[in-house]
Structure formats: structure tokens, C-alpha cells
Amino acid sequence: MARPYDDAPRLPEAERLDVRELVHGDWLEIEIGPGRGWFLVERAEAEPRAGLVGLEIRRKWAAIVDARLGARGYAARARVFAEDVRFALPRLGPNGSVRRVFVHFPDPWWKKRHAKRLVVRDGFFDQIARLLEPGGEIFVQTDVEERAAAYEQLADLHDAFTPAGDAPGSPRLAENPYVARSPRERRAIADGLPVHRVRWRRK
Ligand SMILES: C[S@@+](CC[C@H](N)C(=O)[O-])C[C@H]1O[C@@H](n2cnc3c(N)ncnc32)[C@H](O)[C@@H]1O
């Protein structure tokens, strides 16, 4: 029997994929783990020139958000694929083809035995460094300060990135400058929780 959302959109099967063939846009942006997806919808509305690709491990949300983007007329330039980013990112290319990567509230796992599930980890920054164009941005936000600090340590180890926050030399941003907000971000703001935002630019 077919499982629900078995028909969720997947990336083409090829081992190497050209991200420019997935969506059209003057430049490309990737969101990792869009979940319920409102950031992508709002970003598509706010920035009509951007091509947007979401990679979401949960088939249900990939299918619902991809259909929602299509229903709003954005299918040619905004898609969500049901993929595990740990396997999908290494397949994407060419190098230096992506302008922005967004990661909103990733990694809600705390137990040591779940460490292998973490999305933002060392190998992740290698893939982002490879995919971003010179001057391209990686923007991460979380409601957990320790996580933001851990992301800073990881990025500091990497000489491909330069901090791109509010103050010179710091990756910390007080606000989200991308007009669109993720569902978790919206909820954190409504609940009065702090949101920790960090951004780096590809050298
Ligand atoms: C805490 S939720 C945040 C959702 C959304 N970004 C937001 O801010 O509202 C984390 C999201 O990342 C997705 N995710 C977790 N691991 C993933 C992976 N390896 N590949 C793709 N998506 C993943 C989850 O399914 C979930 O939608």
C-alpha cells in the first residue's frame, strides 16, 4: 500500500545535479529544512528575481509546501524537494552557483545519540562553502543561544567564510534582513523568545 505523501517531489535521480536546472531565477537561494514552509512563500513574494529551492526531509511538508508554491504561481522558480540534506547537498552543483543559503531553527535534538542527525555540523559548512558564489551568504537562526555559539565555532574553523553581522568581525544580526519569516521564527517572536541570528559571507 502506498504511504501518504509517497508522491512528494524528489530531486532527479542523477548522482550530480545542476541546481540551475531545478528552478529559474536571476540567482539561486536554498532553504534547508523549510518545514511548514512560509519563509519560502514569503521570500518568493518578496524577491521575484530569486530562484528558490527547499530541501525538506519530511515528505509531508515537502509535498504540501511545494503544492502551495505551485498554487500561487511560483512553480517555475520555487520548489521544495523531499530530501535529506546530508545526502542531497553533496549532489548539487556547480560550485559557486548559489547566492544564499537559509537555515531557520535547525536541529531540535539534544541527546548525544542523536548527534548524527544534526544538519549544521562540520561537513555541512564544507558543502555550503563549495556551493556559495563569492560574496554569497549563509544565514542561520535559532532560539537556542548555545547552538548559535556552536555554529560560530564551526564557521570560525572554516577559512572560506567571513562574518557578516551588524558589527564588523561579528556574525550576529539583531534582525532578519530577508523580509520573509519562518514559522518557528514567527512563533518565537510571538512568544517573546529571543532569536539568535548569525550570517557569514563566502570569501
Ligand atoms: C525545527 S524544524 C524548523 C522548520 C522551519 N525551518 C522553521 O523555522 O519553521 C526543523 C526542520 O528541518 C527538517 N530537517 C531535519 N533534518 C533534516 C535533513 N537532514 N534534511 C532536510 N530537512 C531536515 C525537519 O523535518 C524540520 O522541518
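For the single chain, residues carry numbers from 1 onward in sequence order. First listed ligand is number 1; within each ligand, the first listed atom is number 1. These numbers come from a predicted model, not from an experiment.
For ligand 1, the atoms sitting less than 4.0 Å from at least one non-hydrogen atom of Val119 are 16 (N), 17 (C), 18 (C), 19 (N), numbered in the order shown with element in parentheses. Residue contact check: Pro183 has heavy atoms under 4.0 Å from atoms 7 (C), 9 (O) of ligand 1. Shown in contact with Ser182 at under 4.0 Å from a heavy atom are these atoms of ligand 1, numbered in order with element: 7 (C), 8 (O), 9 (O). Taking every heavy atom of Arg184 and a limit of under 4.0 angstrom, the matching atoms of ligand 1 come to 1 (C), 3 (C), 7 (C), 8 (O), 9 (O). Distances below 4.0 Å separate heavy atoms of Gly33 from the following atoms of ligand 1: 4 (C), 5 (C), 6 (N), 11 (C), 12 (O), 13 (C), 22 (N). Numbered from 1 in the order shown, with element, the atoms of ligand 1 that lie under 4.0 Å from a heavy atom of Arg86 read 19 (N). Short contacts between ligand 1 and Arg58, defined as distances under 4.0 Å to a heavy atom of the residue, involve ligand atoms 25 (O).
Residue-level proximity to ligand 1 for Leu55 is carried by the backbone, the only part with a heavy atom below 4.0 angstrom. Here Glu83 has backbone heavy atoms under 4.0 Å from ligand 1, and that is the only part of it that gets that close. Contacts with ligand 1 closer than 4.0 Å are made by backbone heavy atoms (N, CA, C, O) of Pro34 only, the side chain lying farther away.
Judged as a side-chain contact (heavy atoms from CB on, under 4.5 Å), and not counting sequence neighbours, the contacts of Ala82 are Ala8, Arg10, Arg59, Ala62. Applying the side-chain hydrogen bond (donor to acceptor under 3.5 Å, both in side chains) criterion to Tyr178, with sequence neighbours excluded, gives Glu137, Arg199.
Geometrically, Arg68 engages Trp38 in a cation-pi contact defined by less than 6.0 Å to the ring centre and at most 45° from the axis.
For the atom pair OH (Tyr151) and CD1 (Ile138), the distance works out to 10.0 Å, reported to the nearest 0.5 Å. To the nearest 0.5 Å, atoms CZ (Arg202) and OG1 (Thr162) are separated by 11.5 Å.
Taking each of Phe102, Phe105, Trp38 in turn, the one with a heavy atom nearest to atom 10 (C) of ligand 1 proves to be Phe105. Taking all heavy atoms of Arg181, Glu56, Lys60 into account, the minimum distance to atom 13 (C) of ligand 1 is reached by Glu56.
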* Verify side-chain hydrogen bond (donor to acceptor under 3.5 Å, both in side chains) between His104 and Glu185, making sure each step is shown before the conclusion. => CA-CA 7 Å; His104 308 296; Glu185 177 185 11; 5.0 Å; no
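Between Phe125 and Phe161, the angle of the ring planes goes over 60°, which puts this pair in the perpendicular group of the 30/60° scheme.
If you run side-chain contact (heavy atoms from CB on, under 4.5 Å) between Asp18 and each of Pro12, Ser97, Pro94, only Pro94 comes through.
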